[in-house]
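Here's the structure, in structure tokens; my notes come after.
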Amino acid sequence: MGKRSKYAVSLVLLGSFFLAACQNGAQENETDSSAASSAEQVINVQFSAEMGSADISLATDSYSFITLNNAYEGLYRLDENNVPVIAGASKDAEVSEDGLTYTISLREEAKWSNGDPVTAADYVFSWQRTVDPATASNYAYMLAPVKNASAISDGTLDKSELGIEAVNDHELKITLEKPTPYFLSLLAFPTFFPQNERVVEEFGDQYALTSENAAYNGPFLLTNYAGPGTDIQWSLEKNPDYWDADSVKLETVNFDVVKDSSTAYNLYESGQADDIILSGELAMQNVNHPDYIVQPSATTQYLEMNQAPEDSPFRNANLRQAISYIMNRQQIVENILGNGSLPAVGFVPSDLAFNPETKADFVEDAATTLAFDEEKAQEYWEKAKAELGIDTLSFELLTSDTDQSKKMAEYIQGTLQQTLDGLTIEVTNVPFSVRLDRSNSGDFEMVMNNWIGDYADPINFLELFKKDSSYNRGKWLNDDYDQLIEQASNENANDPEARWENMVEAEKILNEDLGVIPLFQSAEAHLRSPKIKGLIVHSVGAAYDYKNVFVEE
């Protein structure tokens, strides 16, 4: 979820369409805080799932990243056009001619909520902690562009060898493995934010398990947070010690987890919530509501199948084809979601990135399709049964327990069982954090996952399914695919056209072999109060930025 250098800025500008779209006369969010009245500067926001972690090194989900993006601050943050601008840095990075060295000066006035100054050493500590194998960070791979990060993560080198150095208290020197066009984008992503070493060591294994067991350097302080995966209420309170506190108008953002759309709707209509997510029938019924907003997202929802066991039926390509062909993606987005989501045609979403020469959308160049065809589904199912030597097959579909996830699971279960004779699916709905834990540990047969783009480049989606990726939870393996990703990331890193072609070919392999089964490209239907002004919403990275928000009655 980050940004990039001069080359990458053009990618982000092209992707600026992602800013939240308003429909049916809904208000445009203003950014002029001079209009703020004496109204109470408090807003109430509802999420559909719990926050997975408040630890920068361990967070992996969007709700965590939204919260951390506002409670912490890194060297850069994203502006309203998805472009990285200086934040914790006092001026733009100085980049060496070969693109390998970044020298960055920090704001000397920045401090932690416990009074400590924010120093270059805090960044060194944070990045080293994330890549340290002992931390077991699923997002350590994001630091791979930094020199020696991958070798440290796999235990080959000590974390002290990471390519980040505190030249002095307020100057960082960062050395990369290879030129990385989108590196400034990464610096705006929470995984690259600093952590206070003294505080981490003080709390030990209790660090960041509650809001009190951490220190913050962002525009807000995390408060009332009682634990990852279980707490359904927490808040952001204005940080009086933030270096730019005068520009922060909001006093409080209250978050509540409400998984049922009807409950969320009733709370909004009664004035107890200011921003809610709608899905299904409620989204379709409220399309003409004056506060209705469709918020596009660089997110792909997909089915992942566990192919790790040697006897896994999902190693059978015909079975994967049968499941994909039976998915009526148009019906899913129109009749189940109804929130502006789009049928997936591949794994990389549309309007994310564009051909460096022709400016064509990545989706157009890849030209992949995911057709609905019941007859073909049945043909592939019969082939699969013959090859597997079975007449029947049963497996568990693991999903989150949100309203939308439950409805999607019901559709998948019903459609597959009704069309593919002999197939039985058991649906298990669990809290979001449990789904994450089970996915990460490989404790699933089929799981419904999603991926939200961290930055506007196809590689952020495609690298998930390399052989050695921690996010390749289903252990799909394809040597040709791995080779293409390796070429795009290394030998062709400075050749935009060749790199683009590598990624296009990789997408085709992933789609044709169905390493995973994409379902839809997500959007969110919101009811958002007109009194909320200045909200910036990004399709990539930590999507909500409350720094410039104010309430106007």
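Because only heavy atoms are used, hydrogens play no part in the values below, and waters and symmetry mates are left out as well, while side chains stay in. Given the structure is predicted, the values throughout are model-derived calculations rather than measurements.
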task = Return yes if some donor-acceptor pair links the side-chain N/O of N306 with the main-chain N/O of E445 below 3.5 Å, else return no.
result = no
query = Below 4.5 Å, heavy atoms only, C-beta onward: do S469 and E463 meet side chain to side chain?
reply = no
ask   = Out of curiosity, N450 CG to S400 OG, how far, rounded to the nearest 0.5 Å?
value = 8.0 Å
ask   = Does the side chain of E524 reach to within under 4.5 Å of the side chain of V294, using non-hydrogen atoms?
value = no
note = Of all heavy-atom pairs linking A49 and F432, the shortest is CB-CB, 3.6 Å
key: Residue pair Q330, E334: steps toward the side chain to side chain donor-acceptor pair (under 3.5 Å) verdict   = CA-CA 6 Å; Q330 191 66 41; E334 289 182 357; 2.6 Å; yes
inquiry  = Heavy-atom count check: over 12 atoms from other residues, nucleotides or ligands less than 6.0 Å from D421 CG?
reply    = no
Side-chain donor/acceptor of R438 to backbone N/O of D443, under 3.5 Å = yes
inquiry  = Go through it in stages, so that I can follow the logic: the residues are I452 and V540, the test is side chain to side chain contact (heavy atoms under 4.5 Å, CB included), and I'd like the CA-CA distance, side-chain angles, deciding distance and then a yes or no.
reply    = CA-CA 7 Å; I452 304 172; V540 292; over 6 Å; no
query = Under 3.5 Å, is there a donor-acceptor pair between the E396 and T428 side chains?
reply = yes
request  = Identify the heavy atoms of F220 and L236 that sit nearest to each other, and give their distance.
outcome  = CB-CB, 3.8 Å
task = Give a yes-or-no answer on whether the side chains of E73 and N217 include a donor-acceptor pair shorter than 3.5 Å.
result = no
ask   = If we ignore angles and hydrogens, is there a donor and acceptor under 3.5 Å between the side chains of T399 and N429?
value = yes
remark   = Those residues at least two apart in sequence (or on a different chain) that pass side chain to side chain contact (heavy atoms under 4.5 Å, CB included) with N335 are Q331
S394-E426 side chain donor-acceptor pair, cut-off 3.5 Å = no
ask   = So do the side chains of N472 and E304 get within less than 4.5 Å of each other, counting heavy atoms only?
value = yes
task = Show the numbers, then the answer: is there a side chain to side chain contact (heavy atoms under 4.5 Å, CB included) between K249 and V551?
result = CA-CA 8 Å; K249 305 303 178 186; V551 174; over 6 Å; no
request  = Check for a donor-acceptor pair, side chain of E553 on one end and backbone N or O of K531 on the other, with a separation under 3.5 Å.
outcome  = no
E50 vs K259, salt bridge (charged side-chain N to carboxylate O under 4.0 Å, His left out): CA-CA, chis, key distance, verdict = CA-CA 9 Å; E50 303 85 356; K259 299 180 181 182; 2.8 Å; yes
query = Please walk me through it: do D275 and R528 pass salt bridge (charged side-chain N to carboxylate O under 4.0 Å, His left out)?
reply = CA-CA 4 Å; D275 191 350; R528 182 172 295 145; 2.9 Å; yes
task = Output the distance between atom CG (D244) and atom CG (N239), rounded to the nearest 0.5 Å.
result = 11.5 Å
ask   = Do any N or O atoms from the side chain of D274 and from the backbone of N44 form a donor-acceptor pair under 3.5 angstrom?
value = yes
note = Between L416 and I323 the two heavy atoms that sit nearest each other are CD2-CA, 4.1 Å
Salt bridge D401-K406, side-chain N to carboxylate O under 4.0 Å = no
ask   = With a 4.5 Å limit on heavy-atom distance, are the side chains of T252 and Q41 in contact?
value = no
key: Donor-acceptor pair between S261 and S279 side chains, under 3.5 angstrom   = yes
key: Side-chain touch N254/V42, heavy atoms, less than 4.5 angstrom   = yes
message = Using modelled atom types and a 3.5 Å cut-off, is there a donor and acceptor pairing between side-chain atoms of T130 and backbone atoms of S126?
response = yes
task = Would you please indicate yes or no on a ring centroid separation below 6.0 angstrom for Y471 and Y141?
result = yes
query = Would Q295 and H538 count as a side chain to side chain donor-acceptor pair (under 3.5 Å) if you check the C-alpha gap in whole Å, the side-chain angles of each, and the deciding distance to 0.1 Å?
reply = CA-CA 9 Å; Q295 196 165 285; H538 304 282; over 6 Å; no
key: Aromatic plane relationship, F347 with F461 - under 30° parallel, 30 to 60° tilted, over 60° perpendicular   = perpendicular
task = Check the surroundings of atom CD in E212: do more than 12 heavy atoms from other residues, nucleotides or ligands lie under 6.0 Å from it?
result = yes
request  = Report yes or no: does Q321 contribute a side-chain atom to a donor-acceptor pair with the main-chain N or O of Y380 at less than 3.5 Å?
outcome  = no
ask   = Looking at I56 and P194, what are the two nearest heavy atoms and their distance?
value = CD1-O, 3.6 Å
Taking every non-hydrogen atom, the tightest pair across P518 and V516 = CD-O, 3.3 Å
ask   = Roughly how far, to the nearest 0.5 Å, is the CG atom of L397 from the CG atom of L303?
value = 6.5 Å
ask   = Would you find a donor on one side and an acceptor on the other, under 3.5 Å apart, between the side chain of T67 and the backbone of Y63?
value = yes
note = One should read off an interatomic distance between Y76 OH and L187 CG, to the nearest 0.5 angstrom, of 7.0 Å
request  = Report yes if the side chains of I336 and V333 come closer than 4.5 Å at any heavy-atom pair, otherwise no.
outcome  = no
inquiry  = Going by the rule side chain to side chain donor-acceptor pair (under 3.5 Å), which residues pair with K475 if we only count those two or more places apart in sequence or in a different chain?
reply    = none
R129 and D55 ion-paired at < 4.0 Å = yes
key: Note, L143 side chain near F192 side chain (heavy atom, < 4.5 Å)   = yes
ask   = Hey, does the side chain of E507 reach the backbone of V348 with a donor-acceptor pair shorter than 3.5 angstrom?
value = yes
query = Does one side chain, of Q272 or S270, offer a donor that lies under 3.5 Å from an acceptor on the other?
reply = yes
query = If you draw a 6.0 Å radius around NZ in K238, do more than 12 non-hydrogen atoms from other residues or ligands fall strictly inside?
reply = yes
request  = Fit a plane to each ring of Y546 and Y544, take the angle between them on a 0 to 90° scale, and name the class: parallel (under 30°), tilted (30 to 60°) or perpendicular (over 60°).
outcome  = parallel
Side-chain H-bond candidate by donor/acceptor type, S350 with Q521, under 3.5 Å = yes
task = Using only heavy-atom distances, determine whether the side chains of H289 and E269 contain a donor-acceptor pair under 3.5 Å.
result = yes
remark   = Shortest non-hydrogen pair, P228 vs G52, comes out as CB-O, 2.9 Å
query = Looking at F189, Y216, F65, F193, which one forms a ring-ring contact (aromatic ring centres under 6.0 Å, His included) with Y72?
reply = Y216
ask   = Is there side-chain contact between W381 and L423, with heavy atoms separated by less than 4.5 Å?
value = yes
Sidechain-backbone polar pair: S439 side chain, R435 backbone, donor-acceptor under 3.5 Å = yes
request  = Report yes or no: does N266 contribute a side-chain atom to a donor-acceptor pair with the main-chain N or O of S262 at less than 3.5 Å?
outcome  = yes
